[in-house]
Asks: 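Have a look at this one before I ask anything.
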Protein chains: 2
Amino acid sequence: MSTSTNSPPYHHGDLRRALVDAALVMLEREGEAGLGLRDLARAVGVSPAAPYRHFDSRIALLETLAVIGFQKFTRMMASLQETTPDQKLSAMGRAYVLFALDNANLFRLMFSAQLKREGRPGLKMAADAAFETLQLVSGEGSGGRVAALAAWAKVHGLAVLLLDGQIAIRAGDDTEALIVEILGRNP
Amino acid sequence: MSTSTNSPPYHHGDLRRALVDAALVMLEREGEAGLGLRDLARAVGVSPAAPYRHFDSRIALLETLAVIGFQKFTRMMASLQETTPDQKLSAMGRAYVLFALDNANLFRLMFSAQLKREGRPGLKMAADAAFETLQLVSGEGSGGRVAALAAWAKVHGLAVLLLDGQIAIRAGDDTEALIVEILGRNP
DNA sequence: ACCTGAACACCGTTCAAGT
DNA sequence: ACCTGAACACCGTTCAAGT
């Protein structure tokens, strides 16, 4: 029973990972503004200064979370099974919006104005990789750049409007069906 | 020359108005996170506690700014001169995106997740009034609710993607022309 | 009625010191 | 190498006290 000592738990363990895991949970529960470095240290059972061995600043931690978000997003897009361009395009739109709804505060952080991509190469790379996943398919489509941007704008706009509760979900609405319907509609 | 005294400037003046005016400038320059109540009090030449005579909290001040933003948005939409439904619809889309670009941080605040509309009737009314301006026209269109939401999503998405620099503006791009082109494109 | 001064309980961040 | 304890310069907010 060498593991049953009474000494504090995090002297050796992987503190960085523990911080990131706790931060992801905290982010989704409290939002970005509610994710304090001191709260985080408390949650993980460590001193207020300890996180600074692993992250230069609170912003650096947020950047790490955003990168994780883009990677998760990329993995999800890459895992779609649809084959024909049309089916794939519509599956991606639907997946994009559902990702935003399922990871609301992470999605907001990924697009936060506080995390400018210039001067953050890691974040820029993760974001570019995610968006390349999208253009692979929409670029194949009929209209070139403008059509691709139009499609992206519509999907992204629907995601943020739903996220912020701007689009009223009425009693009897099936949210997922409504998404598909809106994305299928013309303009 | 009764106004040339040396006594501090804001003993009597309209402090509330001065705070709001300074806050709007500060918001656009520093972003929401950079708008501190103490900074604001300093900028206006008043003690840190003085703003609390006029706003219950920092969030209450932000709410006031967001309401002003929605009113400005509504005024702008109401002032469009176009007459035929098609022209008006496209003018509104263009105006929507340009408003976002010209009032970046104010626009972000209007849609901020920190300002939930439930429990803030003033904000809800201002936002509803703004969105009614939109539905007046798009509701007339061919497709009913789903088509109106699709159009809104596209315009709003284009606004936030441009705002956050997600859509790369290439050398030689005319941003305004690109906006019109994207909004005119099909999906 | 409106504002000041001083205080309270917090932050993020730094730095010497411990193991 | 990694973490603690104590400190620094801030916050937002409250409250007695001034005019």
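Quick note on labels: first sequence line is chain A, next is B, and so on, each numbered from 1.
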Asks: Holding to side-chain hydrogen bond (donor to acceptor under 3.5 Å, both in side chains), I want the full list of residues that pass it with D173(B), two or more places apart in sequence or in another chain.
Replies: R145(A)
Asks: Classify the ring geometry between F70(B) and F111(B) as parallel (under 30°), tilted (30 to 60°) or perpendicular (over 60°).
Replies: perpendicular
Asks: Inspect the surroundings of CG in D174(A) and state if more than 12 heavy atoms from other residues, nucleotides or ligands are less than 6.0 Å away.
Replies: yes
Asks: When you check the phosphate oxygens OP1 and OP2 of dA9(C), does a side-chain N or O of R38(A) lie under 4.0 Å from one of them?
Replies: no
Asks: Show me the side-chain donor-acceptor pairs of residues 20-30 of chain A shorter than 3.5 Å, one per line, residues at least two apart or across chains.
Replies:
{"from": "E28(A)", "atom 1": "OE1", "to": "L106(A)", "atom 2": "N", "distance (Å)": "3.3"}
{"from": "E28(A)", "atom 1": "OE2", "to": "A104(A)", "atom 2": "N", "distance (Å)": "3.2"}
{"from": "E28(A)", "atom 1": "OE2", "to": "N105(A)", "atom 2": "N", "distance (Å)": "2.6"}

Asks: So what is the 5' to 3' dot-bracket string for DNA chain C, if pairs are Watson-Crick or G-U wobble with both distances under 3.5 Å, crossing pairs use [ ] and | means the partner sits on another strand?
Replies: ||.|||||...|||||.||
Asks: Decide if atom CG of D86(A) counts as having more than 12 heavy atoms of other residues, nucleotides or ligands within a radius under 6.0 Å.
Replies: no
Asks: Could you state the atom-to-atom distance from CG of D14(A) to P of dC2(D) in whole Å?
Replies: 10 Å
Asks: Please list, pair by pair, any protein nitrogen or oxygen found under 3.5 Å from a nitrogen or oxygen in nucleotides 15-17 of chain D.
Replies:
none

Asks: In this structure, would I68(A) and I59(A) fall into the same cluster of hydrophobic residues linked by side-chain contacts under 4.5 Å?
Replies: yes
Asks: Could you give the OH-to-P distance, from Y52(B) to dC11(D), as a whole number of Å?
Replies: 12 Å
Asks: Measure the distance from CG on L37(A) to P on dC11(D) and round it to the nearest whole Å.
Replies: 18 Å
Asks: Would you call the rings of H156(B) and F107(B) parallel, tilted or perpendicular, where under 30° means parallel and over 60° means perpendicular?
Replies: tilted
Asks: Quick one: which residue pairs count as a salt bridge (Lys or Arg N to Asp or Glu O under 4.0 Å) with a foot in residues 104-121 of chain A, not counting sequence neighbours?
Replies: R108(A)-D164(A)
Asks: Give, for atom CG of L149(B) and atom NZ of K154(A), the distance between the pair rounded to the nearest 0.5 Å.
Replies: 11.0 Å
Asks: May I ask you to list the residues of residues 108-120 of chain B, by number, that have any heavy atom positioned under 4.0 Å from an atom of DNA chain C?
Replies: none
Asks: Can you work out whether I59(A) or S47(B) has the more 5'-proximal nearest nucleotide on DNA chain C?
Replies: S47(B)
Asks: F73(B), M76(B): one ILVMFWY side-chain cluster at the under-4.5 Å cut-off?
Replies: yes
